[in-house]
Structures are given as C-alpha cells and as structure tokens.
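Computed over heavy atoms, backbone and side chain alike; hydrogens, waters and symmetry mates excluded.
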Amino acid sequence: MAADTATESTQDAPTIPARRGAADTAATTTPAGPPDSVTATPAGPPHADGGPAAPRLASLSPSRAADFKTCPLLYRFRTIDRLPERPTAEQARGTLVHAVLERLFDLPAGDRTPDAAAALVEPQWQRLREAEAGLAELFATDPPDDPDQPADTPLVGDDLVVPPAGDPAAQAEFLASARALLAGYFAVEDPRRLEPAEREALVSAVVEDQLLIRGYIDRLDVAPDGALRVVDYKTGGAPREAFEARALFQLKFYALVLWRTRGTVPRVLRLLYLRDEEICDYTPDAEELARFERTLLALWRAIERATATRDFRPKPSRLCGWCNHQAHCPAYGGTPPPFPEVVPMSAPVTATPEAPGADE
C-alpha cells in the first residue's frame, strides 16, 4: 500500500516503477526540522589580491539534459540560440497547477480541501499572468506579433485548444481544466496528512568538480526516520512504458543532487499523474545513481564537443510534432540561424533550470 511507502525498506522495493491509482492512499509524512541547505556556488568573487575570479562552472538542468538526449539541435535552439517559444496551453496549465499546489500547503492542514484548491486557481492565474508576459499573451486583447505565425492561429496543447486572443470563454475553459487536474490530485493524495519539508525548491550540486547540476523539486517529504521522498506533479497523461524512463530521468537527476549534498539516497521517487489519477513510485540505489552521474558527465562532454564543433544535429522523432522550431530545422526544410559567438570551453554555456511546471 502507498501508506507504507515512506518507510519501506529499499531492499524490498521493486526495481521497476510501481504504479497505483486513486484507490491507494498516499503516504503520510510528519513535519521535519529545517532542511539542510542544498546549494552550490557556480562562481566565486574576484580574489582579494585582485586576481581573476574563480572559473565559472558549467551547469546543466534536467530539462536541458533531456533536450540534448531528445534532439541535440533542440538543445542548441533553446540554450545557445535562445530562440523564443510561445507558451502552449499545456505548459501554462502545468505552471498554474504547480503554483496552486505550492500555495495549498501554506494553508493549515485542515483547510487543504478540494474547494480551497479550486479557490486558489483564479488568483494564482492572475499572479502568473502579471509576472510572465508570455502567459498574459494567451488571452490578451491584442494578439502578439509573430512573423512566423498568423495572429489567428490557435495554440494547441495536449488536449486543449486555446482560441484566438481575447476569448473570455476560452479562459474560463482553461481555468476549469486546471480545477479538474486539482481534483485528480485529491484523488491520489490527502494533503491534510502531509507536511512537506520543501516545496518548489531549487537544489544543486557540483559533480566531480566539473559540472553544476541543478533544478526545481516540486516537493520533498522527509519521514520521521529521515527517509526522503521526491515528488513530482505531472499534469499530462501517464506515459506508456516506452516513455517512462524519460519521465523518471528528471527524478533521478534530483535524487543524485540529494545524494551528493545530503549523503542520503532518496527512498522513493514519486510521479503523480493528476489527469489519470495515478501514482508511479520508483526506488533508486546508490549504484544506480553513480551510473547516472557518469551518464550526465558523458552527456555534458558530448554537449561541449558539439559546442566546440558547432555540430548540433536534428534527431527526428514523434516529439517533433510538439517542437516550436520546425521552421529552423533542416529535417523540415528549415535553416538554423547563424551560430552565435562560441563560448570558451573553459566556461561553457550554462543551462538555466525550468520554472516549476514549465516543462509539462
């Protein structure tokens, strides 16, 4: 049962993800003391004697690492060229649901109800729109200028089409779809029984004095015995087995950071699929995380080589249908923009972590 997850023995846990639905009750955690700081300094200040500053470490987030694995050219477009991407409805909805779930735990435990979560949707959406211009454009009165896309072209998410800008009915439908996902959350967890140690926390670690790895953890639970559970909210559908490794890549990334900074391998990596009301649990071990660390270093060396040679090749796949950059992709008859000035290999291009929910 899921209620035992936080105290299961690692040796007894399955070696493949264990999936459960709403019939199982989520694990309970109790309040922990203030968590240890999980930080790494990417660059030091200039030396007191006036010498040069310490070299800035290269950095990599799970989203950008996944980009390079999926398609090296996509990594270039996003991290080196920094081509703009209009947010999709699915991404905006993921960001909104993450924001509501973060704020939900600010309430007293007894007040964390489905109605309370639903009431947070509109104010959180307003806050996000004010903070992020791209989100505001989804329902702006005047459509944004985009030379590559007609103003009346709908934005398409996984299962939601946002009509042209200025449609109040579309915004109402969008907010209703976010409330439906929050109802799915309550089907798999009871937040009144949970006191997370950290929420939407930026964590980082330096791997072998070479690479700064960092990213946002949706939620970190700490059991009374000190066991860690990393929780990630997913607003899309649960993937089939062929895509499950990709979904777990991000959580293994976080598990490695926690292992290197706290000396503890998380007992459980948990994916909560809100739309399908499904839980996917995975239990890593130190040997697996050591292999994953070597994989990340090899991946970064491949990125360095590609940057040095300016050779980022497209890797066509089924995911191309969701790509914003087909107009620039040779696989679709496009031409990439001129390669920017190469960053010296002593200080490679850094990869900024995605904001919570932005990679949905």
Side-chain angles (χ1 to χ4, degrees), residues 38-47 51-85 202-216 245-246 248-261 287-317 319-320 323-325 328-331 334-355 358-359:
V38 187
T39 59
T41 303
H47 293 300
R56 185 181 183 186
L57 288 175
S59 69
L60 190 64
S61 71
S63 297
R64 298 293 77 84
D67 284 346
F68 190 83
K69 284 167 58 68
T70 299
C71 174
L73 186 58
L74 175 63
Y75 175 92
R76 177 197 150 172
F77 286 158
R78 285 180 166 170
T79 306
I80 297 177
D81 297 304
R82 298 183 182 269
L83 298 182
E85 296 185 7
L202 178 61
V203 297
S204 58
V206 176
V207 177
E208 292 192 2
D209 297 324
Q210 299 179 48
L211 179 66
L212 174 65
I213 57 175
R214 55 183 181 168
Y216 285 96
R246 176 181 172 84
L248 287 167
F249 178 88
Q250 184 176 19
L251 289 183
K252 290 180 182 179
F253 197 103
Y254 300 146
L256 175 60
V257 171
L258 293 171
W259 181 40
R260 287 307 185 199
T261 55
E287 182 179 350
E288 178 182 16
L289 294 182
R291 291 196 302 270
F292 186 76
E293 182 177 62
R294 292 193 293 271
T295 297
L296 285 182
L297 288 170
L299 183 68
W300 182 251
R301 285 192 287 269
I303 292 173
E304 287 185 316
R305 288 194 297 271
T307 304
T309 60
R310 305 186 179 193
D311 185 11
F312 290 87
R313 301 182 185 183
K315 186 179 177 182
S317 72
L319 297 176
C320 291
C323 184
N324 284 269
H325 307 300
H328 298 288
C329 180
T335 301
F339 199 90
E341 188 70 25
V342 176
V343 177
M345 295 310 295
S346 60
V349 174
T350 58
T352 304
E354 289 279 3
D359 59 345

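Between W300 and L297, every side-chain heavy-atom pair lies at or beyond the 4.5 Å cut-off. Between F312 and L74 the shortest side-chain heavy-atom distance does not fall below 4.5 Å. With a 4.5 Å cut-off on side-chain heavy atoms, C71 and L319 do not count as touching. Residues V206 and L57 form a side-chain contact, since some pair of their non-hydrogen atoms from C-beta on lies under 4.5 Å apart. At a threshold of 4.5 Å between non-hydrogen side-chain atoms, the residues V257 and I213 count as touching.
In this view, R313 and D311 satisfy the side chain to side chain donor-acceptor pair (under 3.5 Å) rule, not counting sequence neighbours. Applying the ring-ring contact (aromatic ring centres under 6.0 Å, His included) test to F77 and every residue at least two apart in sequence or in another chain returns H325. By the side chain to side chain donor-acceptor pair (under 3.5 Å) test, D81 pairs with R76, sequence neighbours left out. When the side chain to side chain contact (heavy atoms under 4.5 Å, CB included) test is applied to T295, no partner is found at least two apart in sequence or on another chain. Legend: residues meeting side chain to side chain donor-acceptor pair (under 3.5 Å) with E288, ordered by chain and number and at least two apart, are K252, Y282. T70 pairs by the side chain to side chain donor-acceptor pair (under 3.5 Å) definition with R246, not counting sequence neighbours.
Distance check, rounded to the nearest 0.5 Å: OG of S61 to CG of D67 gives 7.5 Å. Taken to the nearest 0.5 Å, the CZ atom of R291 stands 5.0 Å off from the CD atom of E287. The distance from the CD atom of E208 to the CZ atom of R294 is 9.0 Å, given to the nearest 0.5 Å. Taking NE2 of H328 as the start and CG of L73 as the end, the distance is 10.5 Å to the nearest 0.5 Å.
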Give the C-alpha distance, both sets of side-chain angles, the deciding distance and a yes or no for side chain to side chain contact (heavy atoms under 4.5 Å, CB included) between L60 and I303. CA-CA 10 Å; L60 190 64; I303 292 173; 4.1 Å; yes
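Side-chain atoms of K315 do not come within 3.5 Å of backbone N or O of F68 as any donor-acceptor pair. In terms of modelled atom types and a separation under 3.5 Å, the side chain of Y254 and the main chain of Y216 share a donor-acceptor contact.
Summarising the geometry of F249 relative to K69, their closest heavy-atom pair is CE1-CD, 3.7 Å, with the distance given to 0.1 Å. The shortest non-hydrogen separation linking S204 to L212 is CB-CD1, 3.9 Å. Nearest heavy atoms, L296 versus L256: CD1-CD2, 3.7 Å.
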